[in-house]
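Letters go in sequence order (proteins before strands), and every chain restarts at 1. All figures in this text were calculated on a predicted structure; none of them were measured in a lab.
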Amino acid sequence: MPRSFYITTAIDYANGAPHLGHAYEKVLADVIARYRRMQGCQVHLLTGLDEHGQKVQQTAQQRNIEPQVFVDEIAVGFRQMLVDLGISNDDYIRTTETRHKKVVQDFLQRLHDQGFIYLGTKTDWYSTRQEQFLTDKDRNPDGSWPDIYGEVTQTTEENYYFKLSQFQPWLVDYLATHPDFVNPRFRQKQVLEFLKEPMNDLCISRPKTRLTWGIELPFDRNYVTYVWFDALTNYYSAVVDRGLWPADVHVIGKDILSPPHAVYWPCMLKALGLDPPKQLLVHGWWTINNQKASKSAGNAGSTLSYVSTHGADAFRYYLCREMVVGQDADFSAVSFVNRYKADLGNNLGNLVNRLLNMVGRNYAGSIPAAAADEPLEQGLRALWTETEAKLHKAIDEYQVSHALETLWVFISAMNAYIEARAPWKLAKSPEAADRARLDSCLAHVAEGLRLVATVLLPVMPVACAKLLVNIGRPVPGSFAGQLQWSQVCTLSKVAEACILFPPVDLPAPPASV
RNA sequence: GGUAGUGUAGCUCAGUUGGUUAGAGCGCCGGACUCAUAAGCCGGAGGUCGGCAGUUCAAUUCUGCCCACUACCA
């Protein structure tokens, strides 16, 4: 019985087009999912779309269409992005689906029955011009309201509240006893810091007079539920029939760690008698040319164009290599092109072609068996053993960039190994010993590339499959028995040539991007 | 104002459970080579590891204070 592994991304909010942040989170989750699949886990990768709420309702109104029609349109764009990026999600949940609504209502009813939800009143200041509630934070320093809000009136509104505060002691204790709940660890400290202050109960409803585009409260038809009980529940509603709860990892951005994922969600689950997710993997934000990615700057979407110019694999590699999970990273045309040319084209792609050409020239395209075994060969094999160990460690900590860094040390070493062996000289030697060295050289590079391509499949599925096929090897569906240094490439027929990462002439990018 | 993170070579960043000459990639300079996507290899220049103080035989790594930037909170 293979171990199951349930991993999710945050669901994207259906207001606007997909951008780099959306893309990265999917890629990171997908790489982890593919890696676990190769390790033999029964993986379930979930992503989806958050489709309710004020903004969606407003935008649909402005366009004079039904909200459902609007989100259906948005969903097409987001799902296309998944296809473009090669994301291997097993499911796609939309919060307007019946299967989701049923679970949300079931949750709400159960909590209401058990007394965890109550009706409360709250007095607020409301700006009719901005159609939003204001807090003291919005005031001018002198206590007056800024002009942009127009007339500000005091309103009293009844809403339903979840007794969040009563779970605070439990949560503090849970975090103390589960130091790996939030990865990276320094993020967990921030959550604990947040929990030093007493929490308020969580408002979970909006009256239909203000918001109709949402899931109706099962115990009061005049209200819909608001934001978190709807959005967070997707992780559970999508797998309710599969018995996959609790999730192994929720991949999220740092902006929605605290309080939603680290506070609301575990407390909601606790109240329902369900386990919290096993871990939250929190990534940072991308800047673009050292500037905040934003819709107004128009820089966030344009980065996705590299998928079409350089391929999804290169894009995935760049994102994984450049961002240390947890930290912020910067996306720039210069660094993208550098990574593409240097890491992918020169170090890896060119190495493949060196091998194919030499095997073609000297062995009629059939990989020789290793004959000589000297310190150069032993060194390369020892480096692989070391590389593989580091790689697994890095991936287990979800530090994909470290894993790739380590792997490129090995790729570099193969290039250096070829120089040291100088097969073009060996080929001209009449000595039998030199012929044996030539055999070994090409056999070792072939085997090294097989290992690299295998272990890189989760990051660059298409390019690595192509690499394996071009050295005459099948594409494995599992790591089992595939990561030891072996002689399986012997007598494999290689392709004549293979350009994995061709030089790309870029259309002159806008100077600002 | 509080809390956290970051501050290491020109640029982007690793790393150091405290210990000999601090690392990588890119960029730059020089060299040798030619199997290859003018790729690859070797060598070199370049750093008071943010500042100050403390602990220690020894600190870039630990502690305290300070400075700068970022994020969250107020």
Taking any heavy-atom pair under 4.0 Å as a contact, classify A:Pro503: base, sugar-phosphate, or nothing.
base
Sub-4.0 Å heavy-atom contacts from residues 352-373 of chain A onto RNA chain B, ordered by number
A:Asn353, A:Arg354, A:Asn357, A:Met358, A:Arg361
Re B:U16: Watson-Crick or G-U wobble partner, both distances kept under 3.5 Å, found to be none
Counter-base of B:G1, judged by Watson-Crick or G-U geometry with both distances under 3.5 Å
B:C73
Any donor-acceptor pair under 3.5 Å linking the side chain of A:Asn183 with the backbone of A:Leu281?
no
Taking B:G7 as the reference, what is the distance to B:C49 when you measure between their P atoms (whole Å, please)?
14 Å
Rounded to whole angstrom, note down the C1' distance from B:U17 over to B:G47.
25 Å
Base of B:A36, side chain of A:Asn350 - is there a donor-acceptor contact under 3.5 Å?
yes
Are A:Tyr264 and A:Phe229 an aromatic pair by the rule of ring centers under 6.0 Å?
no
Enter the distance from A:Phe162:CZ to A:Cys203:SG here, rounded to the nearest 0.5 Å.
13.0 Å
How far, in whole Å, is B:C52 from B:U61 if one measures between their P atoms?
12 Å
Scan every strand shown for a Watson-Crick or G-U wobble partner of B:A58, both distances under 3.5 Å, and answer none if you come up empty.
none
According to the Watson-Crick and G-U wobble definitions, with both distances under 3.5 Å, which nucleotide is paired to B:C49?
none
Per-nucleotide protein contact along nucleotides 23-33 of chain B, 5' to 3', at a 4.0 Å heavy-atom cut-off (B base, S sugar-phosphate only, - neither), is ---S------S
Distance in angstrom units between A:Asn415 CG and B:A36 P, rounded
14 Å
